[in-house]
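Here's the structure we're looking at; comments come further down.
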Amino acid sequence: MSKIPFFTKQITSPFTIPSGIVTTATTIIQRIFDTMPEVGVMTTKSVGLAPRAGYREPVISQYAPGCFVNAVGLTNPGAEQLAAQLATLRVPEDRFLLTSIFGGSVEEFVEVAKIMAPVSDGLELNLSCPHAKGYGMAMGQDPELVREITAAVKAAVNIPVIPKLTPNTPNIAEIARAAVAGGADGLCAINTVGPGYTSAHGHPVLSNGVGGMSGKGVLPIGLKCVREVAEAVDCPIIGCGGVSSADDVRAYQDAGASVVGIGSSLVGLTTEEMGQYFKTLEADLAHGSNNAESQIRYDVDMQFRPVTLVSNERVCDDICILTFDRKINLKAGEFVFLWIPGLGEKPFSALTDDPFSLAVIDVGVFTHDLMSLQPGTEAYVRGPHGIAVDPPEGAKIITVSGGTGLAAVYQVARDFPNTEIFTGARTAERLYFIEECKKIAPVHIATDDGSEGHHGFVTELLRDYLQGLGEEERSKLMFYNCGPAPMVHAAIAVEREFCGDARIHSAIDYLTKCGVGLCGACAAPDGRRLCVDGPFMDASATTKCV
Ligand SMILES: Cc1cc2nc3c(=O)[nH]c(=O)nc-3n(C[C@H](O)[C@H](O)[C@H](O)COP(=O)(O)OP(=O)(O)OC[C@H]3O[C@@H](n4cnc5c(N)ncnc54)[C@H](O)[C@@H]3O)c2cc1C
Ligand SMILES: Cc1cc2nc3c(=O)[nH]c(=O)nc-3n(C[C@H](O)[C@H](O)[C@H](O)COP(=O)(O)O)c2cc1C
């Protein structure tokens, strides 16, 4: 791999993943540093001075294959916290860590820049985010403000500063010249286009109503902008917007980009597939071929299908079972999103697929409203998402669940022979669906207060059972754990006494937002993403990589 000069470093490749896509968590960044040398520039999610939760889901909507609008709302942990996280990264010598920053004023940009500079190789200035109210748009469209922000940040730090330009301006060349007049070392173009609006079944999809457009449809706009910028100024340009193939990369290079970002096209790719995609892209550039695009997941489907609630049975104060009027197509291990317009969308395992039913525990805004959802309510489902479980033939399958985790494993027990169900609850009144489980597999119950089954933790019951197994059965063990994180960790500890990590699969419900791998919210401690690499991931996923 020959090295390419990029400001202060010699980098491995001319590719980056643009800000806010996939590489939004430190663990994901470290995994890509460690396993994907083809990504030469690592761009972080834009960070501001104060933490921001961002908008509630839906935050990403698909309007055609490979085409998206998003309104994430600049979710970020705040500069101080992100700086502490980035400080723990092992950044390879031949990779460039580009931290994207934003601010509500010139002073705020400078303050964030000063905090982030010591842990970054360069700063990208997000002047152009079209949807976060009060930020971005107005700044990126005003040449004098762009010059002022760039000059102020340049005066405050001594690393390269790369303003990122919005395409939503009649004269991007003028903005580029202003940024360079302010001292910009390089430029990035483009941020998202629009905003645009999507609706489904008569309702706006994004909780923010409108969002920035990205993906295949914005390619011609990105190319036009980069060409105009390259004609106006003489500095390195990071080009992005709609890139999916090596031909697109070459088109950006012809337009004047030296580094090219591939963002929305990574939709649906597992971490392993993403590594393979970048390898192919690099080989395409080396050999003049155009093979990488065949790996893009144009089949990812985020469309919503209607379902009507038939019954809402309360199990206890904070758990209910919702049964809908139809079957959904979903294999054991996969998950869906339930969308209620006006309320939002959240991911769930289907307790059963036919009819579609959910076991829900009340933990927040959405799930609280589900507790009293009235029969007859029309809701919408997208998916299935995630990877179905695939135990080897002849496996001795053990499912371990707590809370609503039973929903994720019931279909495993139903669809694969030779399964034992272990389930735990605080009290007997919190148990549900037990009779149905008994019809398909032996059921082992534990309650903390002893009101049903074993008095104590389900993991104690599990250890006793496993100790009673012969060598032959132990060699075929395959575990599927789902429930509260402490229960899953305790189960993994017991299971590791009997087999290796490759036979232990756990679904811990890390906060999952887009479900298609783009937003990176569901990062596991090892840098994989639950929504595309899971939800069931082998036990090494729980081991921190930074
Ligand atoms: C693949 C998958 C399958 C799931 N299956 C089920 C299921 O079958 N039944 C079920 O009841 N739930 C399930 N969940 C969890 C469910 O999606 C969350 O409980 C739900 O998103 C919470 O939304 P809310 O609006 O009620 O909470 P919010 O108002 O968004 O949040 C309330 C509080 O809970 C925290 N929180 C929110 N989501 C999570 C999370 N995922 N993990 C930890 N803390 C969180 C927030 O930080 C906040 O403090 C699943 C999650 C995933 C990823
Ligand atoms: C989910 C999502 C989040 C994004 N977040 C940011 C962000 O925080 N800062 C930023 O400058 N651009 C952000 N962008 C814009 C991208 O960095 C990129 O400029 C744009 O998506 C065009 O590239 P693409 O078509 O390859 O996705 C985001 C885009 C998406 C899809």
Side-chain angles (χ1 to χ4, degrees), residues 16-22 24 43-47 53-54 56-57 59-60 66-76 100-102 124-132 136 164 166-167 188-193 211-219 221-222 238-244 248 260-267 318-320 333-338 343-351 358-370 385-386 403-408 482 484-485 507-515 518-522 530-531 534-536:
T16 187
I17 302 174
S19 177
I21 302 175
V22 180
T24 57
T43 317
T44 71
K45 171 84 188 156
S46 297
V47 65
R56 286 187 68 83
E57 306 90 298
V59 291
I60 299 186
C67 300
F68 304 90
V69 292
N70 88 82
V72 174
L74 291 172
T75 307
N76 80 95
S100 171
I101 67 169
F102 70 92
E124 186 172 272
L125 310 183
N126 179 2
L127 302 162
S128 46
C129 195
H131 50 70
K164 181 173 181 183
T166 174
C188 175
I190 57 171
N191 210 314
T192 49
V193 177
M213 294 161 67
S214 68
K216 200 144 185 87
V218 309
L219 177 73
I221 295 175
I238 302 175
C240 64
V243 177
S244 54
D248 298 342
V260 176
I262 300 98
S264 302
S265 293
L266 303 175
V267 67
D318 60 349
I319 299 179
C320 71
E334 295 173 330
F335 66 98
V336 293
F337 281 82
L338 184 72
L343 185 59
E345 69 163 357
K346 291 288 179 180
F348 294 94
S349 305
L351 178 62
L358 303 173
V360 182
I361 188 157
D362 178 357
V363 299
V365 176
F366 189 85
T367 50
H368 186 70
D369 271 39
L370 293 188
H385 297 292
T404 55
L406 182 65
C482 187
I508 297 178
D509 56 357
Y510 304 116
L511 190 71
T512 301
K513 288 192 171 176
C514 75
L518 290 181
C519 76
C522 60
L530 173 145
C531 69
F536 282 98

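This one's a predicted model, so the numbers in the text were calculated from it and none came from an experiment. Just follow the structure's listing: the first ligand is 1, and inside any ligand the first atom is 1. For this chain, numbers begin at 1 and follow the sequence in order.
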Per-atom contacts of ligand 1 with [X], taking only distances under 4.0 Å to non-hydrogen atoms:
X: Leu511; answer: 37 (C), 38 (N), 39 (C), 41 (N)
X: Phe335; answer: 1 (C)
X: Thr512; answer: 53 (C)
X: Ala359; answer: 7 (C), 8 (O), 9 (N), 10 (C), 11 (O)
X: Thr367; answer: 24 (P), 26 (O)
X: Phe366; answer: 24 (P), 25 (O), 26 (O)
X: Ala407; answer: 8 (O)

For Pro167 against Ile221, the heavy-atom pair lying closest together: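 The answer is CB-CG2, 3.9 Å.
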Kindly indicate whether the side chain of [X], heavy atoms from C-beta on, has any atom under 4.5 Å from the side chain of [Y].
X: Arg56; Y: Phe366; answer: yes
X: Phe335; Y: Cys531; answer: yes
X: Asn70; Y: Leu518; answer: no

Looking only at N/O atoms, are [X] and ligand 2 under 3.5 Å apart anywhere?
X: Ser46; value: yes
X: Ser19; value: yes
X: Asn191; value: yes
X: Ile190; value: yes
X: Leu74; value: no

So the atoms of ligand 2 within less than 4.0 Å of a heavy atom of Cys240 turn out to be 19 (O)
(request) Would you mind running through ligand 2 and noting each atom that sits below 4.0 Å from a heavy atom of Ile60? (result)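 Per the distance check, 1 (C).
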Selection from [options] by shortest heavy-atom distance to [atom]:
atom: atom 12 (N) of ligand 2; options: Lys216, Lys45, Lys164; result: Lys164
atom: atom 23 (O) of ligand 2; options: Gly241, Gly263, Cys519; result: Gly241
atom: atom 25 (O) of ligand 2; options: Gly239, Ala189, Ser264, Gly242; result: Gly242

Worksheet item: Any heavy atom of His385 sitting closer than 4.0 Å to ligand 1?
Response: no
Consider ligand 1: state whether an atom of it lies below 4.0 angstrom from any non-hydrogen atom of Ile361.
yes
| task | Using the side-chain contact (heavy atoms from CB on, under 4.5 Å) rule, pick out the option among Leu125, Asn126, Leu127 that qualifies with Phe102. | result |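 Checked Leu125, Asn126, Leu127 against Phe102; only one passes side-chain contact (heavy atoms from CB on, under 4.5 Å): Asn126.
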Parallel, tilted or perpendicular: ring planes of His385 versus Phe337, cut at 30 and 60 degrees
perpendicular
ask   = Just heavy atoms, cut-off under 4.0 Å: does Leu518 contact ligand 2 by side chain, backbone, both, or neither?
value =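 Near ligand 2, Leu518 shows nothing, with every heavy atom at 4.0 Å or more.
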**Asked** Under a 4.0 Å heavy-atom limit, does Ile21 contact ligand 2 with its side chain, its backbone, both, or neither?
**Response**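 Side chain only; the backbone of Ile21 stays clear of ligand 2.
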Handout entry: N/O donor-acceptor pair under 3.5 Å between Thr512 side chain and Cys522 backbone
Key = no
Are the side chain of Ser46 and the backbone of Ile101 linked by a donor-acceptor contact shorter than 3.5 Å?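 Side chain of Ser46 to backbone of Ile101, a donor-acceptor pair under 3.5 Å: no, none is there.
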Ligand 1 and [X], any nitrogen or oxygen pair closer than 3.5 angstrom?
X: Gly364; value: yes
X: Leu530; value: no
X: His368; value: no
X: Val365; value: yes

With sequence neighbours left out, the residues meeting side chain to side chain contact (heavy atoms under 4.5 Å, CB included) with Thr367 are Phe348, Val360, Asp362, Val363
The side chain to side chain contact (heavy atoms under 4.5 Å, CB included) partners of Val218 (sequence neighbours excluded) come to Ile190, Val193, Met213
Any protein heavy atom lying closer than 4.0 Å to [atom]?
atom: atom 35 (C) of ligand 1; answer: no
atom: atom 48 (C) of ligand 1; answer: no
atom: atom 9 (N) of ligand 1; answer: yes

*Give the C-alpha distance, both sets of side-chain angles, the deciding distance and a yes or no for side-chain hydrogen bond (donor to acceptor under 3.5 Å, both in side chains) between Lys216 and Ser244.*
CA-CA 7 Å; Lys216 200 144 185 87; Ser244 54; 3.3 Å; yes
Note to self: With no hydrogens and no angle check, just 3.5 Å: does a side-chain donor-acceptor pair link Thr43 and Ser100?
What the structure shows: no
